[in-house]
Chemist: 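Structure provided below as structure tokens; questions to follow.
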Amino acid sequence: MTEQSTAIFGSFVLTELDGAPRVLRDHWVLTEGGRIAALTTERPRADIVLDAPGRIVLPGLMNLHNHCFSEAVARTHSEDGAGRKNNESIVYTVLLPLTKRGIEILSREERMAVARLGILQLLKGGATSVMEPFRNGIPEMFDAAEEMGIRFWGAPYLFSTADAKADASGEVTYAGDDGAADLAAWDALHARWEGAAHGRIRLAMSPHATDTCAPDLLRACAARARELGVPITTHLAQSPQEVATIGRRHGGRTPAEYLDWLGLLAPDLLAAHCISSSDSDLDLMAARGATVLNCPRVFARAGTTASYARFRAHDVRTVIGTDGYNMDLLGEMNAAALISKITTGRADVATAPELLGAVTRDAAAAVGRNDLGAIRPGATADLTVVDLTHPHLQPLHDPLRALAWLANRANIDAVMVDGRLLLHGGTLLVGDEHAITAAGARAIQRIWDLPEARAAFAG
Ligand SMILES: [Zn+2]
């Protein structure tokens, strides 16, 4: 938390009027301490003044589904079909086992290095907030988030088995039952971190997925989350194999029906992906008020469409996350727009204002935080500033369309969380980018050097 005041000039400032987006011209956003104090046309007095033309000031962008660690393990190993058998998901064949091994062989400082590199990428991707599911053997994610200033919902996984394995047909089998151990580990992390850094660090309950979590564990997770008032996040309907597995195990239920049966489908649930959901599953999610975490790029990578517009057509609250890959929220919005228009054959779905709303207002609502996701006096001072003066963003008629269609992470100028500038001029202020990048890459290389990594990626 900062005691300082900051004044930021926006040639454009994204606000809302009666629930609709409204872009103000030539306004100053004044923050004092951790709050937005005023929106003015007069230049205010402040300790720090950012007075550059051609910027748009946005509510801090919220990235509610990301994995700094496990996707780093797969990066540039899994594109173009590499590392995949029959074009199937790599979650159980590559990401989970190699992350588990990686955690075991890396030192605490190396795990910190991976965590710092991920958070650096998130901040440079424009995010002020992240919800980050990760294996509970990487508590360093919390340390790195505290150190680097990002708003953080840490979501340490719970599994019914620590060693989920997929057989040749894609069915996930359990090697043991240690859900109780994961719940105890989660409780310990909650006791240590919930509310740390003046409330900037929070936890989410994070049962990994429908096919790695048995009914008893899911019921226990829901009960504990609601006792503590933390959001619940999980992976849901990620693949046709998951749908088949849950149907076989649980009397023909779909994954969404399975969660509904156990009482998890509710406004406090954020469910990642849902690409194999049926239309009636999506209607059920809408009726229960659950949120879909839409991550279009990781699926596009494997030839699968994860269409924001499809979820919205069923009236499900839908937000956009980066799933640890290409942690560029502007780029992810662009992918959401493209894929939505292709899947519907319509140009007028997934519009720029709608997508910006998804990563601000809708995301804030999904975590029950109406102090976030908006620029208005009294709101928490989380802001993302984009420089619209780059040649590829000129000439400029509509700044929101420019953000969704032409801009990318290289245009992020400033990121502020709780009134503290973490990034300015596109450069990290709270650490040495080059050192963080080199150390993170070196740590991941240690995992890639493992014989099982070479075998997995050769397969
Ligand atoms: Zn995920």
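Whatever order the structure lists ligands and atoms in, that order sets their numbers, starting from 1. Residues take their numbers from the sequence shown, with the count starting at 1. Predicted, not measured: the structure shown is a model, and the values here were computed from it.
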Chemist: Protein N/O/S atoms under 2.8 Å from the Zn ion (ligand 1): how many?
Modeler: 4
Chemist: Any side-chain to backbone donor/acceptor pair from W153 onto V130? Under 3.5 Å, distance only.
Modeler: no
Chemist: Who pairs with D283 by salt bridge (Lys or Arg N to Asp or Glu O under 4.0 Å), at least two apart in sequence or on another chain?
Modeler: none
Chemist: Checking R301 against Y325: charged group under 6.0 Å from the ring centre and within 45 degrees of the axis?
Modeler: yes
Chemist: Within the side chain of N63, is there an N or O that forms a donor-acceptor pair under 3.5 Å with the backbone of T322?
Modeler: yes
Chemist: Return the set of residues passing side chain to side chain donor-acceptor pair (under 3.5 Å) with N136 (not counting sequence neighbours), or none when no residue passes.
Modeler: D182
Chemist: Which pairs count as side chain to side chain donor-acceptor pair (under 3.5 Å) when at least one residue sits in residues 347-359, sequence neighbours excluded?
Modeler: R346-D348
